[in-house]
J.: 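Dumping the structure here so I can ask a few things about it.
Letters go in sequence order (proteins before strands), and every chain restarts at 1. Heavy-atom basis, side chains included; hydrogens, waters and symmetry copies ignored.
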Amino acid sequence: MQFQKDLIDWFAAEKRDLPWRRTADPYQIWISEIMLQQTRVETVIPYYKRFVEKFPTLYDLAEADEEILLKQWEGLGYYSRARNLQAGVKEVAEQYDGVVPASRKEISSLKGVGPYTAGAVLSIAYGIPEHAVDGNVMRVLSRILLIEEDIAKPKTRKIFEQAVTDIISHEDPSSFNQGLMELGALICTPTSPKCLLCPVREHCHAFHEGRQHELPIKTKAKKTKALNYVMASIRDGDAILMEKRPSFGLLANMWQFPMIESPQDAFPHEIEERLSEQLQGVISSAEKIISFKHVFSHLTWNVEGYMAEGRNLQLPSHMKWVTREELDLLPISGPVQKMKQALQQRGEI
DNA sequence: AACCCGGGGCT
DNA sequence: AGCCCAGGGTT
């Protein structure tokens with residue numbers, strides 16, 4: 001078909017030179033696909049380079065300490081991706097002799113590998129004609145094929161998977177799938193598609209009807225909620241108190257300065273009381289040093305940062321005193337980084 | 001099917 | 001402020 005040829009030829013001529021396009025190693029391609037979930041190419045590039053340098057082979061990652069792993073992932077977000085990736089890699093090391101399986105059934109059984117990632121790795125690393133449908137592909141194909149189903153609905157993805165299965169190139173499945181995604185990234189963009197530059201506009205039903213701006217159809221309302229927290233840098237001499245989050249839920253296993261839900265308009269002495277109670281020791285000299293808002297897609301953190309001194313504390317098992325050097329090795333999330341920077345600017349750490 | 005899980009860029 | 005994401009796991 002001419003559509004497949006036009007798409008693949010355009011991809012060959014115009015594709016970006018990305019680090020993960022310079023390897024044929026299924027393990028490294030797998031890493032890139034996990035990092036690229038919900039994350040932009042420009043953001044991923046430096047992370048990917050550092051990551052494959054740190055963990056060049058599947059076994060290097062399988063054997064890595066989780067804290068080292070999360071530190072490499074710090075700032076990329078969706079930290080369960082990193083832990084699921086390692087779980088999947090361990091499974092391949094133990095059950096598949098270190099070879100990433102080449103069937104959809106087997107690769108889909110790996111932790112963190114869903115329908116999209118399975119198809120992406122199978123087609124790109126192994127040249128197998130499997131669909132790899134993400135939001136990008138749904139946008140592109142909704143326009144080319146004039147599909148008006150709501151792409152926010154889970155079952156709609158199956159329609160696009162079937163469409164790709166019907167039209168995917170069997171000569172070059174890798175370039176076909178990557179071409180669709182590259183088209184979505186460079187030409188067939190969400191708000192203002194560059195149809196006059198599009199290599200397949202002659203095949204595009206939406207363009208012919210002048211309806212490219214109406215597609216894809218996507219309904220979604222998202223509610224956001226706000227959380228109010230106090231973070232405290234608690235010092236005993238050179239030691240800094242840090243706590244590890246639980247192994248489930250938000251920012252699992254990440255470290256943070258001791259954090260409590262904040263009363264509205266709290267005074268420093270109230271913070272001292274709350275912390276002293278929680279840590280069963282003496283917290284003193286509390287002083288507010290920063291106040292900021294950290295917005296995520298679904299929630300907003302309102303954070304007040306304090307400095308305080310702590311003595312004779314009964315530390316729960318998820319807390320520990322660290323040196324400045326040890327602090328730099330702990331994986332921390334965005335809001336905690338802001339607090340850390342505020343302390344650095346004050347010369348406190 | 002609905003909800004949870006980060007972060008950065010664009011409008 | 002609201003929208004866009006190169007999704008997968010859990011319930």
J.: Let's test your reading of the model: under 3.5 Å, does the base of B:dA1 pair with the side chain of A:R157 as donor and acceptor?
T.: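 There is none.
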J.: Looking only at the side chain of A:R40 (C-beta and beyond, no hydrogens), which of the listed nucleotides C:dA6, B:dG9, B:dC5 gets closest?
T.: B:dG9
J.: In whole angstrom, give the distance that lies between atom CG of A:L110 and atom P of C:dG8.
T.: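 So the two atoms are 12 Å apart, to the nearest Å.
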J.: What pairs with A:Q37 under side-chain hydrogen bond (donor to acceptor under 3.5 Å, both in side chains), at least two apart in sequence or on another chain?
T.: A:T117
J.: Would you mind reading off the distance between A:W73 atom CH2 and C:dG8 atom C1', rounded to a whole angstrom?
T.: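 Whole-Å distance recorded here is 13 Å.
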J.: Please work out if A:L251 contacts a base, only the sugar-phosphate, or nothing of the nucleic acid, heavy-atom cut-off 4.0 Å.
T.: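 Sugar-phosphate contact only - A:L251 comes under 4.0 Å of backbone atoms but never of a base.
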J.: Would you measure the distance from the P atom in C:dA6 across to the matching atom in B:dT11 and give it in whole Å?
T.: 14 Å
J.: Which whole number of Å gives the distance between the C1' atom of C:dC5 and that of B:dC5?
T.: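 The same atom, C1', in both gives a distance of 14 Å.
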J.: Provide, to the nearest angstrom, the distance between the CD atom belonging to A:Q86 and the C1' atom belonging to C:dG8.
T.: 18 Å
J.: Grab the CG-C1' distance between A:L186 and C:dA6 for me, whole Å please.
T.: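 Distance check: A:L186 CG to C:dA6 C1' gives 12 Å.
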J.: Please say whether the positively charged group of A:K338, taken as NZ for Lys or CZ for Arg, lies over the ring of A:W301, i.e. under 6.0 angstrom from the six-membered ring centre and within 45 degrees of the axis.
T.: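 So A:K338 doesn't make the cation-pi contact.
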J.: For the side chain of A:T43, starting at C-beta, report the closest nucleotide among B:dG6, C:dA6, B:dG8.
T.: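 Minimum distance to the A:T43 side chain belongs to B:dG8.
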J.: Looking for any heavy atom pair under 4.0 Å, which part of the strands does A:V137 touch: base, sugar-phosphate only, or nothing?
T.: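 Answer is nothing: A:V137 stays at 4.0 Å or more from every strand.
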J.: Whole Å only: how far is the CZ atom of A:R81 from the C1' atom of C:dG9?
T.: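 So the two atoms are 13 Å apart, to the nearest Å.
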J.: Tell me, please, whether A:Y79 has A:R83 positioned over its six-membered ring: NZ or CZ under 6.0 Å from the ring centre and within 45 degrees of its axis?
T.: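 The answer is no, since A:R83 fails at least one limit relative to A:Y79.
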J.: Over how many whole Å does the gap from A:M181 atom CE to C:dC4 atom P extend?
T.: 21 Å
J.: Work out how far the C1' atom of B:dG6 is from that of C:dC4, and round it to whole angstrom.
T.: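 To the nearest whole Å, 15 Å.
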J.: Do A:W73 and A:Y47 make the cut of ring centroids closer than 6.0 angstrom?
T.: no
J.: Out of B:dA1, C:dA6, C:dG9, which nucleotide sits closest to the side chain of A:K111?
T.: C:dG9
J.: Which nucleotide in the set C:dA6, B:dA1, C:dT10 lies at the smallest distance from any side-chain heavy atom of A:Y116?
T.: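 Selected nucleotide: C:dA6.
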J.: Can you find a side-chain donor-acceptor pair between A:N228 and A:E261 that sits under 3.5 Å?
T.: no
J.: Go through C:dA6, B:dA1, B:dG7 for me and flag the one nearest to the A:P335 side chain.
T.: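 Given the options C:dA6, B:dA1, B:dG7, the side chain of A:P335 is closest to B:dG7.
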J.: Rounding to the closest angstrom, what is the interatomic distance between B:dG9 and C:dG8 at atom P?
T.: 23 Å
